[in-house]
Amino acid sequence: MRKLIIDRFEGDFAVCETENLEFINLPKAALPSEAKEGDGISISIDNSETDKRKEKIEGLMNSLFKD
């Protein structure tokens with residue numbers, strides 16, 4: 001899990017400080033509406049959602065490319 005601190009907002013982006021003291025820009029739309037400067041946020045991968053999407057895509061491909 002990657003942890004970030006929202007340093008400031010610039011236009012449509014949140015400038016976030018990483019654990020390595022680097023800065024990255026994230027779209028505001030990717031953050032909860034109540035996010036504010038100074039808030040800590042975490043980014044992680046949702047493996048169960050990834051698996052669901054893979055299964056859905058495989059099902060769609062199988063229905064399109066039947067033998």
Side-chain angles (χ1 to χ4, degrees):
M1 184 176 329
R2 188 169 194 180
K3 295 181 182 181
L4 308 168
I5 302 294
I6 300 173
D7 184 68
R8 63 188 178 278
F9 292 99
E10 292 183 356
D12 292 332
F13 292 92
V15 179
C16 299
E17 186 176 357
T18 70
E19 295 170 314
N20 299 335
L21 305 178
E22 298 173 338
F23 289 90
I24 62 170
N25 295 329
L26 293 178
K28 277 185 183 178
L31 300 174
S33 60
E34 66 272 10
K36 61 188 179 310
E37 293 176 0
D39 281 350
I41 57 175
S42 300
I43 298 175
S44 62
I45 296 172
D46 183 343
N47 290 316
S48 64
E49 184 64 29
T50 302
D51 292 342
K52 286 179 195 174
R53 290 176 155 267
K54 283 182 182 178
E55 288 175 15
K56 180 178 180 181
I57 291 169
E58 286 175 6
L60 291 170
M61 288 178 58
N62 288 338
S63 68
L64 286 173
F65 301 108
K66 291 182 181 178
D67 291 336

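Among residue pairs with one or both ends in residues 18-28, none qualify as salt bridge (charged side-chain N to carboxylate O under 4.0 Å, His left out); sequence neighbours excluded.
Residues meeting the salt bridge (Lys or Arg N to Asp or Glu O under 4.0 Å) test with D39, sequence neighbours left out: K36. With sequence neighbours excluded, no residue satisfies side-chain hydrogen bond (donor to acceptor under 3.5 Å, both in side chains) with E58. The side-chain hydrogen bond (donor to acceptor under 3.5 Å, both in side chains) search around R53 returns none, not counting sequence neighbours. Legend: residues meeting side chain to side chain contact (heavy atoms under 4.5 Å, CB included) with D7, ordered by chain and number and at least two apart, are F23. In this structure E10 satisfies the salt bridge (Lys or Arg N to Asp or Glu O under 4.0 Å) test together with R8, sequence neighbours excluded. Residues meeting the salt bridge (Lys or Arg N to Asp or Glu O under 4.0 Å) test with R2, sequence neighbours left out: none.
Scanning both residues, I6 and A14, for their nearest heavy atoms gives CG2-CB, 4.4 Å.
Annotation: the span from L26 atom CG to F9 atom CZ amounts to 10.0 Å, rounded to 0.5 Å. One distance of note links NZ of K3 with OG1 of T18; it measures 13.5 Å at 0.5 Å rounding.
Both I57 and L64 sit in one connected hydrophobic cluster of ILVMFWY residues. Membership requires side-chain heavy atoms under 4.5 Å apart, directly or through other members. Cluster membership check: L4 shares its hydrophobic cluster with L31, using side-chain heavy-atom separations under 4.5 Å among Ile, Leu, Val, Met, Phe, Trp and Tyr.
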Which pairs would a plain distance check flag for residues 41-49, meaning a side-chain donor or acceptor within less than 3.5 Å of a matching protein atom at least two apart in sequence or in another chain?
residue, atom, partner, partner atom, Å
D46, OD1, S48, N, 3.2
D46, OD1, S48, OG, 2.8
D46, OD1, E49, N, 3.1

